[in-house]
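Just below is one structure, and these are the notes that go with it.
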Amino acid sequence: MSEPIRVIDSHTGGEPTRIVISGVPDLGGGSVLEQMQVFNEKFDDLRSAIVNEPRGWDAMVGALLVPSEHPECDYGIIFFNNVGSLWMCGHGTIGLGVTLKYLGQIELGSQKVESPVGVIEFELVDDHTVELTNISSYRYRKDVAIDVPGYGLAQGDIAWGGNWFFLMKDHSQQLEIENIPGLTEYCTAVTAALAGEGIVGEDGKAIDHIELFAETDNPNADSKNFVLCPGLQYDRSPCGTGTSAKVACLLEDGVIAPGEIWRQESIVGSVFEASAVWNEDGSRCIPTVRGTAYITADAQMILQDGDHLRFGIGKSGS
Ligand code: PYC
């Protein structure tokens, strides 16, 4: 039996985060991107053990705190989900702040953290509220037309907010909680159509998050979204990196002014408050995303010898 793995679970607007506190191997140092590559290559069974059934479930997003050599950061973070690592995660960063406060490891104020795609900053505003200042974000292509088999022609914007997003406002889908299976099916078809047509992010990475928008009748929100993540799970929160990609597009279109608040509602009704300002040369924007998280569990995970499902269903492990 391995050493127990201590985790703290939280949810940010309904979307779960499982922060690993102890019991996992050292990834050998270097940049957080290099440590993520080691995690992907050597410890995929551990990733699966932490987030997948029978210990977790498909919507769970895990996170490892790792050492950082970056001069401005005290530590780094690697986020991962049911199928692999994520480049960045906004709801998870909000969960991180609330988790560290719960553990008594931080006080109100700001922290800089190295992610695989750059340095992020978060401010713990109170015990449950965190404001993320994300990596620089931008729209790469506007009004990209695609043919979605079974649904017909559609178009959307490709934008980076720490992950690659295809943002669609004209899609004829009903953004209602009862329609989650239909929305999942549609977004899965969009992801496949993008891959099939060879449409990728500027750096050649897959566009693996689809974000649909609709009007909302919630007086406390400006828009409602549905976000499908890689691993075919929808984000219960409004998605921190997706909201960053959204405000980058809105700033570029002049729909919001620098610093103006955009309130993004999720499919389950939780809301993030976001804004964006231009970076120094005006080529990209720096988004901020504010949300709340609550602790749901403080647990030790056990991987017992002889349990053939100890690394998760579908993982034989070693
Ligand atoms: O909040 O950025 C986010 C996120 C990405 C995947 C799930 N949540």
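Residues: numbered from 1 along the sequence shown. Every heavy atom of this structure was used, including side-chain atoms; hydrogens, water molecules and symmetry mates were not. For ligands, and for the atoms within them, numbers begin at 1 and follow the listed sequence.
- In this structure, a donor-acceptor pair under 3.5 Å is present between the side chains of Asp203 and Trp164.
- Inclusion of Gly90 in the set of residues having an N or O under 3.5 Å from an N or O of ligand 1 is warranted.
- At a 3.5 angstrom cut-off on N or O pairs, His91 counts as close to ligand 1.
- Annotation: Glu15 places no N or O atom under 3.5 Å from an N or O atom of ligand 1; distance criterion only.
- Cation-pi contact between Lys246 and Phe213: present, with separation from the ring centre below 6.0 Å and deviation from the ring axis of at most 45°.
- When each atom of ligand 1 is checked for a heavy atom of Gly240 under 4.0 Å away, the hits are 1 (O), 2 (O), 3 (C).
- Residue contacts with ligand 1, taken as heavy atom pairs separated by less than 4.0 Å, involve Asp235 solely via side-chain atoms from C-beta onward.
- Asp45 and Arg310 are not joined by a salt bridge, as no carboxylate oxygen comes within less than 4.0 angstrom of a charged side-chain nitrogen.
- Under a cutoff of 6.0 Å and an axis angle of 45°, Arg284 and Tyr138 form a cation-pi pair.
- Backbone and side-chain nitrogen or oxygen atoms of Gly92 are examined, and none is located within less than 3.5 angstrom of a nitrogen or oxygen of ligand 1.
- Relative to the ring axis of Tyr234, Arg236 places its NZ or CZ within 45° and under 6.0 Å from the centre.
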